[in-house]
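In what follows, a structure is listed as structure tokens, so that the remarks can point back to it.
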Amino acid sequence: MSEDDLADSRRVTLVRLRDGARAEESDLLAAEEPLAIRVNGERWMVTLRTPGDDLDLVMGLLWSDAVIARIDDADVHPAADHTVDVVSAPGRALAVRHAARATTVTAACGMCGRHAIDDVCAGVDLRGDGARVSADALLAMTERLREAQGAFSRTGGVHAAGLFTASGELLAAREDVGRHNAVDKVIGATLRRARSEGADAFSLAGSALVVTGRAGFEIVQKAARAGVPVVCAVSAPTTLSVELARRAGITLAAFARGRGMNLYAHPERVT
């Protein structure tokens, strides 16, 4: 399969200017397209994402937004024309009203339209998670994630998220134009894998979430909902992400590059 046949990128024409010279060329760009999500036949939201791993994205979004509380609360199915259907299990009620959103959610913000962001993480306290991870292992995870960024290598226009064991084993890696989408995709991938293996629950205790770019509030929020005790970002955190990490018992590392990093919350887990 050629790079032009991949769903995560599109080739466009352009005029390149270099040293006063003009030339018509082509470039491969990261794809950004709408995805409609229907819950029990009714439209819930439209989000912008990079096509690919759509079922992972929706399942992770349902979990991150507390629409589902158990991994068997709903099934997700592809539908025509960039649409995913969510169907609740018999006798299960989905908390769609609790996760009220704007009609369209951009790829830039995972929390647009939410009425009460704190409700999603109410009562989360991961300080009892005894995970320990070495600084060298965290830095190695950022390198391992970079190696898994096929779409970024082709386009330079997507973020990535990876879930790792504390020892550095890669559990799942996904890419998307939205950093929060990439996180939902890896959470959804592990959740769907647990279901396929017959589990009635899934746990990410002792794991680490590594993200490219900054660690905004929504990244830490999604980690908290999924029970991930360690979040590591290549770039900067924000004040709200640090506040939530400290409150939720999450170790937050940022500026993880080269030979070091900054630890903003619960540094005791990093040895």
Side-chain angles (χ1 to χ4, degrees), residues 7-8 35-45 47 49-80 82-99 101 105 110 120-121 123-124 126 129 131 145 148 160-167 169-176 178-211 218-219 221-231 250:
D8 59 25
L35 176 71
I37 303 173
R38 297 186 302 211
V39 177
N40 292 329
E42 296 186 3
R43 175 167 157 168
W44 176 38
M45 61 175 285
T47 189
R49 94 299 189 205
T50 297
D53 305 304
D54 286 342
L55 298 185
D56 291 344
L57 170 62
V58 174
M59 188 61 80
L61 182 61
L62 294 173
W63 187 268
S64 295
D65 277 16
V67 175
I68 60 175
R70 295 170 51 178
I71 66 174
D72 59 352
D73 275 346
D75 288 316
V76 292
H77 308 283
H82 297 282
T83 302
V84 169
D85 284 329
V86 179
V87 180
S88 59
R92 304 286 175 83
L94 304 185
V96 176
R97 292 181 181 272
H98 172 79
R101 282 175 174 263
V105 177
V120 178
C121 295
V124 174
L126 301 180
D129 190 305
L145 182 59
L163 275 169
F164 293 82
T165 65
S167 63
E169 178 188 354
L170 179 62
L171 300 174
R174 297 290 187 271
E175 295 178 279
D176 200 278
R179 61 175 59 84
H180 67 95
N181 284 346
V183 174
D184 280 333
K185 285 180 177 181
V186 295
I187 292 172
T190 56
L191 193 156
R192 293 181 66 228
R193 184 184 304 138
R195 286 193 59 172
S196 70
E197 294 172 351
D200 57 8
F202 90 119
S203 172
L204 293 176
S207 65
L209 172 67
V210 179
V211 296
E218 74 277 10
I219 303 300
Q221 172 259 322
K222 292 175 186 297
R225 269 286 301 160
V228 179
V230 178
V231 174
I250 291 174

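For the numbers below, each heavy atom of this structure counts, side chains included, while hydrogens, waters and symmetry mates do not. The first residue of the sequence shown is numbered 1, and numbering continues consecutively from there. The structure presented is a predicted model; accordingly, all values stated were derived computationally and were not measured.
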Closest non-hydrogen atom pair between Val186 and Ala172, with its separation
CG1-O, 3.8 Å

Taking the side chain as every heavy atom from C-beta outward, state whether Val183 and Arg179 have any pair of such atoms under 4.5 Å apart.
no

Do the non-hydrogen side-chain atoms of Leu62 and Trp44 ever get within less than 4.5 Å of each other?
yes

Using only atom types and a distance under 3.5 Å, with no angle test, would you say the side chain of Asn40 pairs donor to acceptor with the backbone of Ser88?
yes

Any side-chain heavy-atom pair of Asp200 and Ile71 under 4.5 Å
no

What is the minimum heavy-atom distance between Leu170 and Gly162, and which atoms define it?
CD1-CA, 4.4 Å

Ignoring hydrogens and angles, tell me if any N or O in the side chain of Ser64 forms a donor-acceptor pair with the backbone of Leu61 under 3.5 Å.
no

Would you compute the distance between atom CG of Asp184 and atom CG of Asp53 and round it to the nearest 0.5 angstrom?
12.0 Å

If you compare all heavy atoms of Leu209 against all heavy atoms of Val228, which two are closest, and at what distance to 0.1 Å?
N-CG1, 3.7 Å

Should Ile250 and Val124 count as side-chain neighbours, where that means a heavy-atom distance under 4.5 Å?
no

In the structure I gave you, are the side-chain heavy atoms of Asn181 and Thr50 within less than 4.5 Å of one another anywhere?
no

Testing the basics here: between Ala160 and Glu175, what is the closest heavy-atom pair and its distance to 0.1 Å?
CB-CG, 4.0 Å

Asp75 CG to Met59 CE distance, which is reported to the nearest 0.5 Å
6.5 Å

Heavy-atom pair of closest approach, residues Ala194 and Phe202:
CB-CB, 3.7 Å

Considering all heavy atoms, the nearest Ile68-Ala74 contact
CG2-CB, 4.2 Å

Kindly write out the residues that satisfy salt bridge (charged side-chain N to carboxylate O under 4.0 Å, His left out) with Asp56, not counting sequence neighbours, or none if the list is empty.
Arg174, Arg192

What's the spacing between Asp54 CG and Leu35 CG if we round to 0.5 Å?
5.0 Å

Do the side chain of Asp129 and the main chain of Ala131 share a donor and acceptor less than 3.5 angstrom apart?
yes

Interatomic distance, CZ@Arg225 vs CD1@Ile187, rounded to 0.5 Å, equals 9.5 Å

Val96 side chain reached by Val86 side chain, heavy atoms, under 4.5 Å
no

May I ask you to test the Arg92-Asp72 pair for a side-chain heavy-atom distance under 4.5 Å?
yes

With a 4.5 Å limit on heavy-atom distance, are the side chains of Thr83 and Arg38 in contact?
yes

Would you compute the distance between atom NZ of Lys185 and atom CG of Leu57 and round it to the nearest 0.5 angstrom?
6.0 Å

Are Arg49 and Asp176 ion-paired here, with the side-chain N under 4.0 Å from a carboxylate O?
no

